[in-house]
Amino acid sequence: PRTLLLTGAGEHFAAGADLTQMRQRGRDDALRGINSSAFDRVRRLPMPTIALMDGYALGGGAELAYACDFRLATRRVRIGNPEPGLGILASAGGTWRLRELVPEGVAKEVLLAGRVLDGEAALAVGLVNEIVEPDDLLAAGHRWADRVAEQVPLAVRLTNAVFHSPREAHPFVDDLAQAVLFDPSEKNPRMPAVLERRRQP
């Protein structure tokens, strides 16, 4: 698949962990990093990922959305990390992914002061890419997927990998990815086609 759409099964995207289960977890459970490993796998998928958010996207649900490439939401979405209010922290990527997505001050409001963002606030700070009506959410996801599908698949895959590479890996990874795309066996016919169209009167 070229794009993965993630959406909730009901009226909410993901309301976070079951608190009853959380109370039973201990140190060893935390060190296993079940959620952080799962969300890291989402982040590393070779295809772009789009979170379609409605209702609650709290705790682990918010962290799952942070791991995606794009986030579409309704106005009634509620995104936040209430973990410190429960005596824990957002340990599945929230403490560092959120600050990569929004201004540091906003990230600290969410992570330290319990701020919950609605759709409009999330759009204003750049956490979501688009606000749509609830009935249009899935169609909007497919529209975004179609936009990605219009690009050259290998170029999208490598661009996404380079985008998420550590700072110290650049510019080597950029050059390496470009070398793969410049290889004659991977050359895409689109560039010559564009040049040919420009030559035509």
Hydrophobic cluster identity match, L98 and L117, side-chain contacts under 4.5 Å: yes
Transitive ILVMFWY side-chain link M47 to L5, under 4.5 Å: no
Selection residues 77-123 - residue pairs positive for ring pair (Phe, Tyr, Trp, His ring centres under 6.0 Å), sequence neighbours left out: none
Separation between CD1 of I131 and CG of D136, rounded to the nearest 0.5 Å: 12.5 Å
Check: R78 side chain, D118 main-chain N or O, donor-acceptor pair, under 3.5 Å: no
Which atom of T49 lies closest to which atom of A67, heavy atoms considered: OG1-O, 4.2 Å
ring-ring contact (aromatic ring centres under 6.0 Å, His included) involving Y56 - partner list, sequence neighbours excluded: H12
E100 CD: over 12 foreign heavy atoms closer than 6.0 Å: yes
For residues 152-161, tabulate all N or O donor-acceptor pairs below 3.5 Å that involve a side-chain atom, not counting sequence neighbours.
{"residue": "T159", "atom": "OG1", "partner": "A155", "partner atom": "O", "Å": "2.6"}
{"residue": "N160", "atom": "ND2", "partner": "D69", "partner atom": "OD1", "Å": "3.4"}
{"residue": "N160", "atom": "ND2", "partner": "D69", "partner atom": "OD2", "Å": "3.3"}

Results of side-chain hydrogen bond (donor to acceptor under 3.5 Å, both in side chains) for E104 - residues two or more places apart only: K108
Minimum heavy-atom distance C68-L6, with the two atoms named: SG-CD1, 3.5 Å
Cluster link M53 to V106, ILVMFWY, side chain under 4.5 Å: yes
Results of side-chain contact (heavy atoms from CB on, under 4.5 Å) for A140 - residues two or more places apart only: L72, V132, R143
Spacing of CG belonging to L111 relative to CG belonging to N81, to within rounding of 0.5 Å: 5.0 Å
Residues, nucleotides or ligands: over 12 heavy atoms within 6.0 Å of R115 CZ: yes
With sequence neighbours excluded, residues passing side-chain contact (heavy atoms from CB on, under 4.5 Å) with L101: Y66, R71, L127
A62 versus G80, closest heavy-atom pair with distance: CB-O, 3.5 Å
Nearest heavy-atom neighbours spanning F13 and G61: CE2-O, 3.3 Å
Close side-chain approach of V128 to I79, heavy-atom, < 4.5 Å: yes
All pairs passing side-chain hydrogen bond (donor to acceptor under 3.5 Å, both in side chains) where residues 145-154 contributes a residue, at least two apart: none
Heavy-atom pair of closest approach, residues G141 and I50: O-CD1, 3.9 Å
Residue list, salt bridge (charged side-chain N to carboxylate O under 4.0 Å, His left out) with R97, at least two apart or on another chain: D40
Set of side-chain hydrogen bond (donor to acceptor under 3.5 Å, both in side chains) partners for E133, sequence neighbours left out: R75
Shared hydrophobic cluster, V102 / L123 (ILVMFWY, side-chain heavy atoms < 4.5 Å): yes
Minimum heavy-atom distance S36-S91, with the two atoms named: CB-O, 3.7 Å
E63 side chain to G94 backbone, donor-acceptor under 3.5 Å: yes
Qualifying ring pair (Phe, Tyr, Trp, His ring centres under 6.0 Å) pairs, either residue in residues 138-160, two or more places apart: F70-W144
Partners passing side-chain contact (heavy atoms from CB on, under 4.5 Å) against A139 (at least two apart in sequence or in another chain): none
D174: partners by side-chain hydrogen bond (donor to acceptor under 3.5 Å, both in side chains), with sequence neighbours left out: H170
